[in-house]
Each structure stands twice: as structure tokens, then as C-alpha cells.
Novice: 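Here you go, one structure.
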Amino acid sequence: MPVLVNFKICDNSKDCSGITACPNKVFLWNALKKTIFFDNAKCTACGGCVSSCPVGAIKVAKNQKEFKKLKKEIREDPRKVSDLFIDRYGAQPLHKAFFISQDKFDEQIIESSKLVVAELFNDKSIQCLYCSIPIKDLFEGKDIKYRKVAIEGVALLERFNVVSLPALLFFKQGKLVSKIEGHFVPEQKLELDKKIKVSFK
Ligand code: SF4
């Protein structure tokens with residue numbers, strides 16, 4: 001009874017931190033249905049999973065009353081995943097939930113069943129900190145998995161033939177279907193929007 005997941009703000013992927021955080025294997029990944037599920041009968045309400053989720057989507061209720069209250073809160077939560085995209089295109093990450101190290105690229109992006117947008121950036125590009133476009137403005141309402149990757153060395157650049165940073169790479173079922181390269185200042189947002197629309201086709 002104790003565990004609830006707010007799937008409105010959870011990108012429901014097999015790299016869910018609850019799967020690794022729970023000592024009782026309550027959280028599991030259904031590879032067939034491509035979804036997280038949890039076996040509450042095994043849960044001891046220890047709370048260990050709650051702090052593991054970087055977007056706060058995991059809740060644990062201590063009793064029936066709290067369970068009902070949390071369920072209502074989730075039901076009434078107006079947010080969606082894209083509301084959590086506080087990062088700015090090309091600039092240093094602001095929300096750790098979407099930032100991954102380069103060695104997690106395949107696991108989180110290539111092996112994902114979702115439409116994934118991977119932003120490659122080089123955090124030394126000061127320019128991006130001051131004039132960059134909010135990711136939320138670019139992907140508002142889009143059902144995507146967004147991840148931000150700090151580029152080290154040339155491996156990923158050569159692998160996807162990227163010549164200028166920052167860059168947005170679009171993956172469907174692990175296949176690169178489109179990419180957008182280079183810095184866009186806020187005045188160029190419409191131009192970038194158009195390129196993104198084309199990338200989603
Ligand atoms: S509360 Fe504890 S036992 Fe229950 S799912 Fe979370 S980590 Fe597992």
C-alpha cells in the first residue's frame with residue numbers, strides 16, 4: 001500500500017532510481033510493457049526510494065489516510081515532465097535529473113524505448129550561460145525523454161558526426177533520426193523551433 005509514483009512528472013524509464021535504491025526489489029521494470037511497476041506487498045515503508053528520485057515522483061505513505069492524501073495530490077498535480085525542464089540550451093545543467101555522464105549515454109539514450117532528445121554541450125562555453133534558450137520553451141508539452149550530456153573528448157562527436165556544440169540529437173528506438181548543431185540566441189528561437197518540428201517528423 002505505501003508506494004505511489006507520480007507518473008505525470010516521471011519519464012518512466014528503466015533507469016528509474018527506485019529500482020536501484022530499494023533493498024526489497026519493490027520497483028521493477030516491465031521490458032514488455034516498457035514501464036516501471038512496483039510490488040507493494042514487499043514494501044516495508046523504509047522511505048529509501050523517496051530521496052533517490054531526482055524529480056520527487058516517488059512517495060511513500062505510512063498509513064491509509066496518508067495514502068489517500070498522496071493519491072489526491074498526484075491526481076490534482078497539473079505538471080507534466082516538460083514542466084521540469086528548467087535547463088537552458090547549451091548552458092550548464094540546472095536540474096540534475098536530466099544530466100547524465102557520457103558513460104551512461106547508451107544505457108539512457110540508445111537503449112531507451114522513448115523518443116529521446118540528447119543535448120550535447122561543452123560546459124566551458126560561457127556564452128551559453130548568458131544568452132541561451134530555455135529547454136522548456138523548445139519542448140513544452142512534447143512527450144520526450146530529455147537528457148543533457150557534457151562532452152568529454154571526441155568519441156561521441158565522431159560517433160554522431162557532430163562538428164559544433166551545443167547540439168541536439170533526436171533518437172527513436174535508439175536510432176539517430178535527426179540532429180541540430182550550433183548555438184542559437186533567443187532571437188533565433190523561431191528558427192530553432194522550426195528545425196525541431198522537422199526533427200520530430
Ligand atoms: S519504501 Fe523502502 S521498501 Fe518501500 S519501495 Fe521504497 S525503498 Fe523499497
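All residue numbers in this chain count up from 1 along the given sequence. One-based numbering, in listed order, for ligands and for the atoms of each.
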Novice: Where does the angle between the aromatic ring planes of Phe38 and Phe27 fall among parallel (under 30°), tilted (30 to 60°) and perpendicular (over 60°)?
Specialist: tilted
Novice: Looking at Lys189 and Asp193, is there a salt bridge between them, counting it only when a charged N and a carboxylate O are closer than 4.0 Å?
Specialist: yes
Novice: Between Phe200 and Val81, is there a shared hydrophobic cluster once you connect ILVMFWY residues whose side-chain heavy atoms come closer than 4.5 Å?
Specialist: yes
Novice: Tell me the protein heavy atom at minimum distance from atom 2 (Fe) of ligand 1, and give that distance in Å.
Specialist: Cys46 SG, 2.2 Å
Novice: Atoms of ligand 1 less than 4.0 Å from Pro23 heavy atoms?
Specialist: 7 (S)
Novice: Please write down residue, atom name and distance for the protein heavy atom closest to atom 5 (S) of ligand 1.
Specialist: Val3 CG2, 3.4 Å
Novice: What is the nearest protein non-hydrogen atom to atom 4 (Fe) of ligand 1, stated with its residue, atom name and distance?
Specialist: Cys43 SG, 2.3 Å
Novice: So which protein heavy atom does atom 1 (S) of ligand 1 come closest to, and at what separation?
Specialist: Gly47 N, 3.1 Å
Novice: Could you tell me the residue and atom name of the protein heavy atom closest to atom 8 (Fe) of ligand 1, and the distance to it rounded to 0.1 Å?
Specialist: Cys22 SG, 2.4 Å
Novice: Quick check on Lys71: does its NZ atom have over 12 non-hydrogen neighbours (other residues, nucleotides or ligands) under 6.0 Å away?
Specialist: no
Novice: Contact between ligand 1 and Phe38 is defined here as a heavy atom of the residue under 4.0 Å from a ligand atom; is it met?
Specialist: no
Novice: Anything under 30° is parallel, anything over 60° is perpendicular, the rest tilted; go ahead and classify Phe184 against Tyr89.
Specialist: tilted
Novice: Measure the distances from the heavy atoms of Gly18 to every atom of ligand 1 and state whether one is below 4.0 angstrom.
Specialist: no
Novice: Non-hydrogen atoms of Pro2 versus ligand 1: any pair closer than 4.0 Å?
Specialist: no
Novice: For atom 3 (S) of ligand 1, what is the nearest protein heavy atom, given as residue, atom name and distance?
Specialist: Asn24 ND2, 3.1 Å
Novice: Show the nearest heavy-atom pair for residues Leu115 and Lys172, with the distance to one decimal.
Specialist: CD1-CG, 3.5 Å
Novice: Below 2.8 Å, can you find an N, O or S atom of Cys49 next to atom 6 (Fe) of ligand 1?
Specialist: yes
Novice: For the residue pair Asn30 and Thr35, confirm or rule out a side-chain donor-acceptor distance under 3.5 Å.
Specialist: no
Novice: Between Glu119 and Tyr146, is any side-chain donor less than 3.5 angstrom from a side-chain acceptor?
Specialist: yes
